[in-house]
Amino acid sequence: MAHHPRYWLMKSEPAAFSIDDLAAAPGRLTCWDGVRNYQARNYLREMKKGDLALFYHSNADPPAAVGIVEVVREAYPDHTAFDPTDHHYDPKSRPDRPTWFMVDVALVRKFPRPLPLDELRRQAGLRRMVLLRKGSRLSVQPVTPGEWAIILKLAGHEPA
DNA sequence: GCCAACGTTGGC
DNA sequence: GCCAACGTTGGC
């Protein structure tokens with residue numbers, strides 16, 4: 001039996017890396033580096049090939065869900081943590097005992113229009129979404145199948 | 001730019 | 001183990 005895909009949401013600041021940057025990347029693929037939060041790291045490690053994630057623009061005007069990516073490589077050590085010149089360098093992560101991990105994701109599609117945060121907040125069915133919880137700052141977070149269906153419908157796609 | 005919420009650090 | 005100080009996130 002095939003793996004049942006799970007759904008996620010991954011945040012990126014568009015000034016640092018936007019969905020258009022991903023669309024322009026070779027193979028429309030990127031490694032999702034720089035996650036330095038344990039809970040987000042744990043979610044990264046749960047991800048399986050074929051899982052799907054919302055690409056979310058944080059610190060944006062407006063903050064919005066802007067598309068879908070697919071996990072194409074499961075968690076492996078985040079080498080940027082080993083590089084003292086990297087902004088995300090972390091000396092406690094070592095190649096023989098890595099603390100931080102990343103996955104590779106590929107662009108599935110950019111939504112025809114961004115789905116702004118305030119619009120998501122107005123959906124009754126999304127009230128419990130991790131993204132919308134007060135104080136929630138997780139940069140990698142799970143999305144339920146129900147939430148996924150609502151968001152895809154908002155984006156103009158009928159649920160699969 | 002402000003600031004609330006959260007996570008981490010480190011003294012004790 | 002407590003908790004104050006500090007740094008970061010991210011909406012507004």
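As the structure is a computational prediction, the values presented were derived from the model and not from experiment. Just so we're on the same page: letters track the sequence lines, and every chain starts at 1.
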Member of A/Arg73, A/Met10, A/Glu74 meeting the side chain to side chain contact (heavy atoms under 4.5 Å, CB included) criterion with A/Met47: A/Met10
Polar side chain donor-acceptor pair, A/Thr80 to A/Asp78, under 3.5 angstrom: yes
Upstream residue (5' side of DNA chain B) when A/Lys92 and A/Ser136 are each assigned their closest nucleotide: A/Ser136
A/Arg41 to A/Tyr43 six-membered ring, cation-pi geometry met (6.0 Å, 45°): no
Leading and trailing nucleotides of DNA chain B with any atom under 4.0 Å from heavy atoms of chain A: B/dA5 to B/dT8
Name of the residue among A/Leu107, A/Val105, A/Asp104 meeting side chain to side chain contact (heavy atoms under 4.5 Å, CB included) with A/Leu29: A/Asp104
Between A/Arg137 and A/Ser58: side-chain donor-acceptor atoms closer than 3.5 Å: no
